[in-house]
A.B. asks: 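To start, I am sharing the structure in question, which I have written as structure tokens.
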Amino acid sequence: MSSPITTINPATEETLETYDRMSDTAAREAVEACHAAFEEWRLVPLDKRAETIKAIGQALRDTSEDFAQLMTREVGKLIGDSRDEIELCAAICDFTAEHGPKELADEEREIPGGTGVITYAPTGVIYGIQPWNFPAYQAIRYTIANLMAGNGVLLKHAANCTGSGLFLRDLMEKAGLPKNLFTVLLIDHDQSDDIIANDLVRGVTLTGSDGAGKVVAQQAGKHLKKTVLELGSNDAYLVLEDADLDVAVEACVTGRIYNNGETCVNAKRFIVTERHYDAFVERFTARMKAVEMGDPRDADTGLGPMARDDLRDTLAEQVEKSVENGARALCGGKVPKRKGAYYPATVLVDVKPGQPAYDDELFGPVASVIRARDDDDAIRIANDSRYGLGGGIFSKDEARARALAATHFDTGMVCINGYNLAIPNMPFGGVKNSGYGREHGGFGMKEFVNAKSLYVTQ
């Protein structure tokens, strides 16, 4: 059996808990128990499923402070961000409970000689592999949609937020979800491959890096399992020639440091046209430099620690390599001498292809500012990326910005004159190496269903 899981507070370096991993037999039995629970749940009417999901949302609100504090201890999130995350999860439950029965209801269509019926049948057990940056949201995002669809759900959470995964399981069961329908697997990567191969598992969803996505997609593909992948990105935010600089600077700072900069849809590359470049760099750097690191439990703290030391060290190495290849750090850029996995808010300029700051995802509070000749050049640079999850445009001409976003920005989501993380009624997902499939907005409820055609002759 693999070594136990130990969770560590990244702000204090204190050990929180130790958990034993499952044996291969226990993991297989957990899948079987989830499938047995699914066999009963799939027969529950849509409106009754919605009632349970609504109750889960209320349970999240009722335990919000306890859950938020746990997440902050496990991954270093600012306590305010943790509380916001719980409310977002509850809102997802509300949206799903309200709209799920209609989204999944049978549809009738005219066919020659009778009536065609499209019914959305649940497919079975769905396996989710999720990261640590949003311990509640990453699990809720795919779980609630699949529970509404009538599926069973397995969760392999990131090891450093194991407690959050177990907290969520217990919360759901207390809210009325049948036991084992949402199952947390404490397993290693080799065991994970066995879960993917298990005949009772009908689909796999992963949130993580593009490297992890390729591995999981390959494993699932060997067994003809459908996947939904929400992978990394280096989202570009464009400051066009007619942008309101006050609006742009404010939103870009928020978009870069939200959740300690550890968000797949953080604003990461800031592409600024010649007209605004110098002024933007000056004002943006001043704001970033003023962001103070501190205790994530303190409401006045601007930036907490990163979730683990190794993640902080990887980010520091990416910055160092970028500087070695011509980038300049206008603030931050060095690991501070203090306890905890801290890294300062950092601004890099002279960012060019061949540097990690241009080519890769910097998963932490580091901003890459890139000069563009004009608006067309800004769009070109934005799309010069293997990623395509989100992005943003700042322009006083809203109609033009919408047209550019819809027609020329090669991403799954685009924010116009602001920064947004995720909203329950809007689809969430990317293109290119940022993955495929959609969650939220009703789309996630139909990713792992059997759209079954019934031909009724009359």
Side-chain angles (χ1 to χ4, degrees), residues 34-58 89-128 140-154 172 175-178 181-182 199-205 220 223-230 406 412-413 422-431 435-458:
C34 185
H35 178 77
F38 152 73
E39 289 284 17
E40 295 185 15
W41 179 251
R42 70 184 182 87
L43 302 177
V44 174
L46 289 167
D47 60 340
K48 294 299 183 182
R49 294 180 205 161
E51 288 178 7
T52 300
I53 287 169
K54 182 75 172 178
I56 292 171
Q58 186 57 51
C89 291
I92 291 168
C93 293
D94 291 347
F95 174 86
T96 305
E98 180 180 354
H99 298 279
K102 182 178 179 181
E103 289 282 348
L104 295 165
D106 289 354
E107 300 175 23
E108 292 190 359
R109 298 182 180 181
E110 292 184 7
I111 61 173
T115 301
V117 181
I118 302 169
T119 187
Y120 297 101
T123 58
V125 174
I126 307 302
Y127 177 39
I140 284 287
R141 188 173 67 205
Y142 82 98
T143 293
I144 294 301
N146 278 292
L147 292 176
M148 186 66 238
N151 293 322
V153 176
L154 303 171
M172 288 186 179
L177 193 72
L181 191 63
F182 173 74
D199 287 340
L200 296 179
V201 172
R202 296 291 296 273
V204 183
T205 181
H223 303 284
L224 296 179
K225 306 286 178 73
K226 179 182 178 177
T227 52
V228 169
L229 303 178
E230 193 274 283
M413 300 170 282
I423 299 173
N425 66 343
M426 293 291 286
F428 186 99
V431 296
Y436 48 76
R438 289 295 179 269
E439 296 167 305
H440 296 330
F443 292 83
M445 298 180 220
K446 293 181 179 177
E447 285 287 358
F448 293 105
V449 295
N450 174 13
K452 189 183 301 184
S453 295
L454 310 180
Y455 301 93
V456 182
T457 301
Q458 294 171 338

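Any value given below was found using the heavy atoms of this structure, including those in side chains, with hydrogens, waters and symmetry copies removed. We're numbering straight along the sequence, starting at 1.
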A.B. asks: Taking salt bridge (Lys or Arg N to Asp or Glu O under 4.0 Å) as the test, write out the residues that go with Glu110, two or more places apart.
C.D. replies: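 Glu110 satisfies salt bridge (Lys or Arg N to Asp or Glu O under 4.0 Å) with no residue once adjacent residues are dropped.
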A.B. asks: Do other residues, nucleotides or ligands put more than 12 heavy atoms under 6.0 Å from Glu40 CD?
C.D. replies: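 No, because the 6.0 Å sphere around CD of Glu40 holds 12 heavy atoms or fewer from other groups.
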A.B. asks: List the atom pairs, donor and acceptor, that lie under 3.5 Å between side-chain atoms in residues 444-453 and the rest of the protein, sequence neighbours left out.
C.D. replies:
from	atom 1	to	atom 2	distance (Å)
Lys446	NZ	Glu103	O	3.2
Glu447	OE1	Lys226	NZ	3.0
Glu447	OE2	Arg438	N	2.7

A.B. asks: Once you round to the nearest 0.5 Å, how far does CD1 of Ile92 lie from CG of Asn425?
C.D. replies: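 Here the interatomic distance stands at 11.0 Å.
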A.B. asks: With a 3.5 Å distance limit and no angle check, can you tell me whether Trp41 reaches the backbone of Gly152 through a side-chain donor-acceptor pair?
C.D. replies: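 Not a single qualifying donor-acceptor pair exists.
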A.B. asks: Which atom names give the shortest non-hydrogen contact between Cys93 and Ile56, and what distance separates them?
C.D. replies: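 Where Cys93 meets Ile56 most closely, the heavy atoms are SG-CG2, 4.0 Å.
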A.B. asks: By salt bridge (Lys or Arg N to Asp or Glu O under 4.0 Å), which residues pair with Arg141, not counting sequence neighbours?
C.D. replies: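 Glu230, Glu439.
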A.B. asks: How many angstroms lie between CG in Leu177 and CE in Met172, if you round to the nearest 0.5 Å?
C.D. replies: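 Rounded to the nearest 0.5 Å, the CG-CE separation comes out at 6.5 Å.
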A.B. asks: What's the separation between atom OG1 in Thr123 and atom NZ in Lys225, rounded to the nearest 0.5 Å?
C.D. replies: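 Here the interatomic distance stands at 10.5 Å.
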A.B. asks: Taking only residues two or more places apart in sequence, or in another chain, which ones meet Phe38 in a ring-ring contact (aromatic ring centres under 6.0 Å, His included)?
C.D. replies: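 Listed in chain order: His35.
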A.B. asks: Run the salt bridge (Lys or Arg N to Asp or Glu O under 4.0 Å) test against Glu98 and tell me which residues pass, sequence neighbours left out.
C.D. replies: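 Residues passing salt bridge (Lys or Arg N to Asp or Glu O under 4.0 Å) with Glu98: none at all.
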A.B. asks: Just by modelled atom types, is the Leu147 backbone N or O under 3.5 Å from a matching donor or acceptor in the Arg49 side chain?
C.D. replies: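 Not a single qualifying donor-acceptor pair exists.
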A.B. asks: Asn146 and Tyr142: which non-hydrogen atoms are nearest, and at how many Å?
C.D. replies: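 Minimum heavy-atom contact is ND2-O, 2.8 Å.
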A.B. asks: Flag yes if more than 12 heavy atoms outside Tyr436 fall under 6.0 Å of its OH atom; otherwise flag no.
C.D. replies: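 Yes.
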A.B. asks: Minimum heavy-atom separation for Ala149 and Pro122, please, with both atom names.
C.D. replies: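 Result for this residue pair: O-CB, 3.2 Å.
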A.B. asks: Quick check: does any side chain N or O of Asn151 sit under 3.5 Å from a backbone N or O of Val125, one acting as donor and the other as acceptor?
C.D. replies: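 No; zero donor-acceptor contacts below 3.5 Å.
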A.B. asks: Check the surroundings of atom CG in Asp199: do more than 12 heavy atoms from other residues, nucleotides or ligands lie under 6.0 Å from it?
C.D. replies: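 For Asp199, atom CG is not crowded (no more than 12 foreign heavy atoms under 6.0 Å).
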A.B. asks: CD1/Ile126 to OG1/Thr227 distance, rounded to the nearest 0.5 angstrom?
C.D. replies: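 The OG1 atom of Thr227 is 11.0 Å from CD1 of Ile126, to the nearest 0.5 Å.
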A.B. asks: Any idea which heavy atoms bring Ala220 and Val204 closest together, and the distance?
C.D. replies: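 Looks like CB-CG2, 4.3 Å.
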A.B. asks: Under 3.5 Å, side chain of Arg42 to main-chain N/O of Gly150, donor-acceptor pair present?
C.D. replies: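 No, because the side chain of Arg42 does not come within donor-acceptor range (under 3.5 Å) of the backbone of Gly150.
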A.B. asks: For Pro101 and Thr96, which heavy atoms make the closest approach, and how far apart are they?
C.D. replies: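 Pro101 and Thr96 have their closest heavy atoms at CD-O, 4.1 Å.
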A.B. asks: Once salt bridge (Lys or Arg N to Asp or Glu O under 4.0 Å) is applied, do any residues pair with Lys54, and if so which ones, sequence neighbours excluded?
C.D. replies: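 If we apply the salt bridge (Lys or Arg N to Asp or Glu O under 4.0 Å) test to Lys54, skipping adjacent residues, the hits are Asp94.
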A.B. asks: Measuring from Tyr455:OH to Thr115:OG1, what's the distance to the nearest 0.5 Å?
C.D. replies: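 One finds 13.0 Å between OH of Tyr455 and OG1 of Thr115.
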A.B. asks: Please give me the minimum heavy-atom distance between Met148 and Leu46, naming the atom from each residue.
C.D. replies: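 Heavy-atom minimum between the residues: CE-O, 3.3 Å.
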A.B. asks: With Val153, which of Thr205, Ile144, Thr143 fulfils side-chain contact (heavy atoms from CB on, under 4.5 Å)?
C.D. replies: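 Answer to the side-chain contact (heavy atoms from CB on, under 4.5 Å) test with Val153 among Thr205, Ile144, Thr143: Thr143.
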